[in-house]
Number of protein chains: 2
Amino acid sequence: MRTFVVVSHTAPLEGDFSLSDLPGGAGRIDILCRCATEAFLLSHGIRKDVRLIFAIRDQLIITLEGAWLRHLNPDERSTAALLRKAISRGAGLGPGEVARSTSGITVRAGGLNDVIAELGEAGRQPYLLEEEGLLLRRAELTPGAAFVLSDHRDFEPEERALLDTCPRLSVGPRSLHGHQCITLVHSELDLREAGWTDG
Amino acid sequence: MRTFVVVSHTAPLEGDFSLSDLPGGAGRIDILCRCATEAFLLSHGIRKDVRLIFAIRDQLIITLEGAWLRHLNPDERSTAALLRKAISRGAGLGPGEVARSTSGITVRAGGLNDVIAELGEAGRQPYLLEEEGLLLRRAELTPGAAFVLSDHRDFEPEERALLDTCPRLSVGPRSLHGHQCITLVHSELDLREAGWTDG
């Protein structure tokens, strides 16, 4: 199981946004759409062994599970429609309540602190993807690793405090978009699992 | 200069399509949008040293030049609007005519044979990105290489004949979307140029 955690600082908490203005009125939810595309989509099918967690504004957690995920297409607009449905289902949930949205997508109240605590309980090491980290290609990764990244904004100080002890990984010398980092993590793990890496 | 050539078998030849149905009525132009995003966009800026060529249905060639490209945002819809404008500008062009669309985007009549011939004249080796190729990480690449890929459809026999002598490159063991291959090519070249690869 590969896990990705994407922290969103601007995505909507209510599902009344237009699908025709994702970067504007929908609070850059286009970023989350591209992360979902890269986390799950192969050329012909879905990566079943992936979990993608969106932690939105420290209030809403949306979890996508590759094993059950349906209706995920490559284009941004249809992915935004899936997320809009999930956000609508999540509005007004109390602590501990979990709502199912479309197949493979659940939503609940909570923040990054909950996500990090749960990774710890599951024995999954969170790695922070950022420019100053150890080069991914050279890094030894623990099995069941989780990869944490932020949207277009830097982590807030309180988020950074939660992630303070996580090992840092960099994908390369250029500063890339989060979804591109997900593509590169998958590729590195694909190559390792297939035994196609040197050494 | 890094060059990518994407062959589209289904994108529209007229700019009258809706931006709200890119995978359907707009003939999977969403694929071209994602290729443009991956070819040019860094986290904070545009890759200036990139040329992206769309060869659409053997009739229209759209060229995007990173050095002059403007108005390219990460979301698919706004990229589709740029391509729609270029397609509209290209409708009715005669052989040899070139039209400028928005900054950094030109359009002309022509097909993959023209693109391949021009790469040859410029001394740029075209590499074909496909699953059966030599692993990109292990491949020695000539300077100024061009990378050719198809959309969601396989190359047609006459396209394949044009590409018959091109070396084949694979990005890894899984079959990925074209835009993901572009991300991986850029990453490999970034790492090599920075001297971050082993050996």
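Here the structure is a predicted model, which is why all the values come from computation and not from measurement.
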May I ask you to name which of [options] has the most heavy-atom pairs under 4.5 Å with chain A?
{"options": "B:Ala194, B:Pro173, B:Gly45", "result": "B:Pro173"}
{"options": "B:Leu42, B:Thr183, B:Leu135", "result": "B:Leu42"}
{"options": "B:His186, B:Arg47, B:His179, B:His152", "result": "B:His179"}

Hey, any chance [X] and [Y] share a hydrophobic cluster, counting ILVMFWY side chains that come within less than 4.5 Å of each other, even indirectly?
{"X": "A:Leu60", "Y": "A:Val5", "value": "no"}
{"X": "B:Ile116", "Y": "B:Phe147", "value": "no"}
{"X": "A:Leu189", "Y": "A:Val6", "value": "yes"}
{"X": "B:Ile53", "Y": "B:Leu162", "value": "yes"}
{"X": "B:Met1", "Y": "B:Val50", "value": "no"}

| said: In the structure I gave you, are the side-chain heavy atoms of A:Asp75 and B:Arg28 within less than 4.5 Å of one another anywhere? | reply: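 A side-chain contact is absent here, since even the closest heavy-atom pair is not under 4.5 Å.
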| message | I want to check something: taking the side chain as every heavy atom from C-beta on, are A:Glu76 and B:Pro74 in contact at a cut-off of under 4.5 Å? | response |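 Counting from C-beta outward, A:Glu76 and B:Pro74 never come under 4.5 Å.
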| field | Atom group of A:Glu38 that falls short of 4.5 Å from chain B, counting heavy atoms | value |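 Contact with chain B: backbone and side chain both.
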| Side chain, backbone, both or neither: which part of A:Glu188 has a non-hydrogen atom closer than 4.5 Å to chain B? |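 For A:Glu188, heavy atoms of backbone and side chain both lie under 4.5 Å from chain B.
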| From A:Asp190 CG over to B:Arg174 CZ, what is the distance, rounded to the nearest 0.5 angstrom? |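 Those atoms lie 5.5 Å apart.
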| Nearest atoms (heavy-atom pairs only) where B:Trp196 meets A:Ser170 |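 Closest approach of B:Trp196 to A:Ser170, heavy atoms only: CZ3-OG, 4.2 Å.
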| field | Minimum heavy-atom distance B:His44-A:Ser175, with the two atoms named | value |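 Heavy atoms only, the tightest pair is CD2-OG, 4.0 Å.
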So does [X] have more than 12 non-hydrogen atoms from other groups sitting under 6.0 Å from [atom1]?
{"X": "B:Asn113", "atom1": "CG", "result": "yes"}
{"X": "A:Asp21", "atom1": "CG", "result": "yes"}
{"X": "B:Arg100", "atom1": "CZ", "result": "no"}

| said: Could you check whether any side-chain N or O of A:Arg137 sits under 3.5 Å from a backbone N or O of B:Leu191, counting only pairs where one atom can act as donor and the other as acceptor? | reply: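 Not confirmed, A:Arg137 side chain does not pair with B:Leu191 backbone.
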| query | Okay, side chain of B:Gln180, backbone of A:Leu41: is any donor-acceptor separation there less than 3.5 Å? | reply |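 Judged by distance alone, yes, a pair lies under 3.5 Å.
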| said: Heavy-atom pairs under 4.5 Å with chain B - which of A:Ser78, A:Pro23, A:Ser43 has more of them than the others? | reply: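 Among A:Ser78, A:Pro23, A:Ser43, the one with the most close pairs to chain B is A:Ser43.
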